[in-house]
Each structure stands twice: as C-alpha cells, then as structure tokens.
Amino acid sequence: MNKPEWLKRGALVKVQHWFGVVEDVAVSEMRVMVLIKSPKGVWRNQRDASEWLEYIEGQITLADP
C-alpha cells in the first residue's frame, strides 16, 4: 500500500471528527499505520496522548491549520 505524500511527521490531520498531529508513520506491504497525538488522548487520560491508527483513505485527511 502506498501512503500519501502529505502523510508525514508533523502533519496536522483530521480523523473523523477530531484533530491531531502525526508523530510517526509505519509502512508495510499490507497497511500504513499512523501514530497520532491529540487532545482527545489527553482527555482520555492516555499516558502519552498518542495512538496508532490504520490509514484508511477518507478517514484520516490533511487538515487546514
């Protein structure tokens, strides 16, 4: 699977109805995984406020700053 050019560390992204910043991207032959840090993670009391999500076109999009 190919990742979009804009999907890289530091990119501001929108995931469904919330926003976050890309911390890391992992690519394999089968999928693209994105580590996203967000205020939602802080609100949920996660240790580092980051979570790994599988990149699915249309669900994770580039956000306007």
With sequence neighbours left out, the residues meeting side chain to side chain contact (heavy atoms under 4.5 Å, CB included) with Lys14 are Phe19, Thr61, Ala63

Determine the minimum heavy-atom distance between [X] and [Y], stating which atoms define it.
X	Y	result
Ser38	Gly20	CB-CA, 4.0 Å
Ile60	Trp6	O-CH2, 3.6 Å
Leu7	Val34	CD2-CG2, 3.8 Å

Per-pair distances, 0.1 Å, donor-acceptor, side chain in residues 21-30, under 3.5 Å, sequence neighbours excluded:
| unit_1 | atom_1 | unit_2 | atom_2 | d |
| --- | --- | --- | --- | --- |
| Ser28 | OG | Met30 | N | 3.2 |
| Ser28 | OG | Arg31 | N | 3.2 |
| Ser28 | OG | Arg31 | O | 3.3 |

Quick note, salt bridge (Lys or Arg N to Asp or Glu O under 4.0 Å) partners involving residues 4-13, not counting sequence neighbours, are none

Can you hop from Leu62 to Trp18 via hydrophobic side chains spaced under 4.5 Å? yes

